[in-house]
Engineer: 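Take a look at the following structure, please.
Residue indices begin at 1 and follow the sequence shown.
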Amino acid sequence: MSKKQESYYFQNFIECAKYAYQAACLLKETMNQFNVDSLQQKMDEMHKVEHAADLKKHDLLNTLVKDFITPIEREDILQVSQNLDDMTDKIEDVLIKIYYNRITSIRPDALKLLDVIIRCCEAVQKLMTEFADFKRSKQIHNHIVCINTLEEDADKLFITCMYDLHDTCKDPLEVIGWREIYIYLEKCADACEHVADIVESVIMKNL
C-alpha cells in the first residue's frame, strides 16, 4: 500500500487521542472551576468533542472497509480505534454522572485522580505519535510502561478516594453519587491502559 494510505490510520489514531486529551482538559476545567449553573453548557461542549471523536472513528471505519491491504491487522486497527474512542466516552461519562447526581461541589481528591487521568491521556498521545514507527521507535516501550504505571497510580488513588468517602461523608445520596463518579474516573485510566495493551500486542505480533 502507498505511504499515504499507510500513514492515514496512524494519523487518525493521533487525532482521536487528541480528542480524548481535549475532553480530559475540559473535564478538569469544569471540575476546577465548578459552577452548577454552567454545567449544562459544559456538557454541551463535551458532547461536541465526543461527537467529533466519533466522526473521526467512523471515517476510519469507512476507509477500512474499502482498503484491501492495511499496515497492521484489521482487527488491531478496529481495537485501537475503539479503545481510543472509549477514552473520550468515559471522560464524557464522568461529567454526565456529576450532572445527574446533582453534585454541588467537587471533592479535592477527585481532582487528584483527574490529574492522573490527564497525564494518562498525554502519555497516550505520545504513544500514538510513536506508533506509526513502532518497529524502529526507541520511545514507544517507555510510553507503554508510563501508561501502565499511571493506571496503577489511579487504582491506588481510587481506593483511597472510596475509603475517605465512606469515612467522611454521612449523606447516603452523596455517597452513592460520588461512588459512581470515582468509578468512572478510574474507568478513564483503564481505557488509557487498554490502548497501551493493544499497541503492545501489535508490536509483539509484528516484530
Engineer: For the residue pair Phe10 and Phe131, is the inter-centroid distance of their aromatic rings smaller than 6.0 Å?
Structural biologist: yes
Engineer: Each residue besides Met204 in its hydrophobic cluster should be listed here, by chain and number; the cluster joins Ile, Leu, Val, Met, Phe, Trp and Tyr at side-chain heavy-atom distances under 4.5 Å.
Structural biologist: none
Engineer: Quick check for you: to the nearest 0.5 Å, what is the distance between Glu75 atom CD and Leu64 atom CG?
Structural biologist: 9.0 Å
Engineer: For the pair Gln41 and Glu45, evaluate side chain to side chain donor-acceptor pair (under 3.5 Å) and give the outcome as yes or no after the intermediate values.
Structural biologist: CA-CA 6 Å; Gln41 177 190 340; Glu45 290 177 31; 3.1 Å; yes
Engineer: Stepwise, does the salt bridge (charged side-chain N to carboxylate O under 4.0 Å, His left out) test hold for Lys205 with Asp76?
Structural biologist: CA-CA 10 Å; Lys205 286 193 287 187; Asp76 291 332; 2.8 Å; yes
Engineer: Measure the spacing between CG of Leu185 and NZ of Lys97 and express it to the nearest 0.5 Å.
Structural biologist: 11.0 Å
Engineer: With sequence neighbours excluded, give me every salt bridge (Lys or Arg N to Asp or Glu O under 4.0 Å) pair touching residues 141-151.
Structural biologist: none
Engineer: For His166, look at atom NE2 and say whether over 12 heavy atoms of other residues, nucleotides or ligands are found less than 6.0 Å away.
Structural biologist: yes
Engineer: Nearest 0.5 Å, what's the CG-CE distance between Leu95 and Met46?
Structural biologist: 5.0 Å
Engineer: Is any side-chain heavy atom of Asn32 closer than 4.5 Å to one of Leu111?
Structural biologist: yes
Engineer: Would you confirm whether Asn62, through its side chain, and His58, through its main-chain N or O, come within 3.5 Å as a donor-acceptor pair?
Structural biologist: yes
Engineer: Taking side-chain contact (heavy atoms from CB on, under 4.5 Å) as the definition, give me every residue that meets it alongside Lys135, ordered by chain and number, with sequence neighbours left out.
Structural biologist: Asn206
Engineer: Below 4.5 Å, heavy atoms only, C-beta onward: do Met128 and Leu84 meet side chain to side chain?
Structural biologist: yes
Engineer: Rounded to the nearest 0.5 Å, what separates atom CG in Asn142 from atom OG in Ser137?
Structural biologist: 8.5 Å
Engineer: Run the side chain to side chain donor-acceptor pair (under 3.5 Å) check on Tyr100 and Glu180 step by step: do they pass?
Structural biologist: CA-CA 11 Å; Tyr100 74 51; Glu180 191 172 23; 2.7 Å; yes
Engineer: Ring of Tyr21, cation from Lys18 - is the NZ or CZ under 6.0 Å from the centre and inside 45° of the axis?
Structural biologist: no
Engineer: Please say which of Leu78, Asn12, Ile77 ends up in a side chain to side chain contact (heavy atoms under 4.5 Å, CB included) with Leu61.
Structural biologist: Leu78
Engineer: Among all residues two or more places apart in sequence or in another chain, which pass the side-chain contact (heavy atoms from CB on, under 4.5 Å) test with Asp171?
Structural biologist: Cys169, Leu173, Glu174
Engineer: Take a 6.0 Å sphere around CZ of Arg102 and say whether it holds more than 12 heavy atoms from other residues, nucleotides or ligands.
Structural biologist: no
Engineer: So how far is it from Met87 CE to Cys192 SG, rounded to the nearest 0.5 Å?
Structural biologist: 3.5 Å
Engineer: Does atom OH of Tyr163 have more than 12 heavy-atom neighbours from other groups under 6.0 Å away?
Structural biologist: no
Engineer: Which one of Tyr9, Tyr8, Phe134 satisfies the side chain to side chain contact (heavy atoms under 4.5 Å, CB included) criterion with Pro71?
Structural biologist: Tyr9
Engineer: Per the salt bridge (Lys or Arg N to Asp or Glu O under 4.0 Å) rule, what does the pair list look like for residues 50-62, sequence neighbours excluded?
Structural biologist: Glu15-Lys56, Lys57-Asp85
Engineer: Sequence neighbours left out, what passes salt bridge (Lys or Arg N to Asp or Glu O under 4.0 Å) with Asp197? Give chain and number order.
Structural biologist: none
Engineer: Give the intermediate values and the outcome of side chain to side chain donor-acceptor pair (under 3.5 Å) for residues Glu130 and His143.
Structural biologist: CA-CA 9 Å; Glu130 293 289 326; His143 296 321; 4.8 Å; no
Engineer: May I have the step-by-step check of salt bridge (charged side-chain N to carboxylate O under 4.0 Å, His left out) for Asp86 and Lys187, ending in yes or no?
Structural biologist: CA-CA 10 Å; Asp86 283 347; Lys187 284 183 177 183; over 6 Å; no
Engineer: I need the Leu113 CG to Ile181 CD1 distance, nearest 0.5 Å.
Structural biologist: 11.5 Å
Engineer: Could you walk me through whether Tyr182 and Asp109 pass side chain to side chain donor-acceptor pair (under 3.5 Å), step by step?
Structural biologist: CA-CA 10 Å; Tyr182 286 135; Asp109 53 8; 2.5 Å; yes
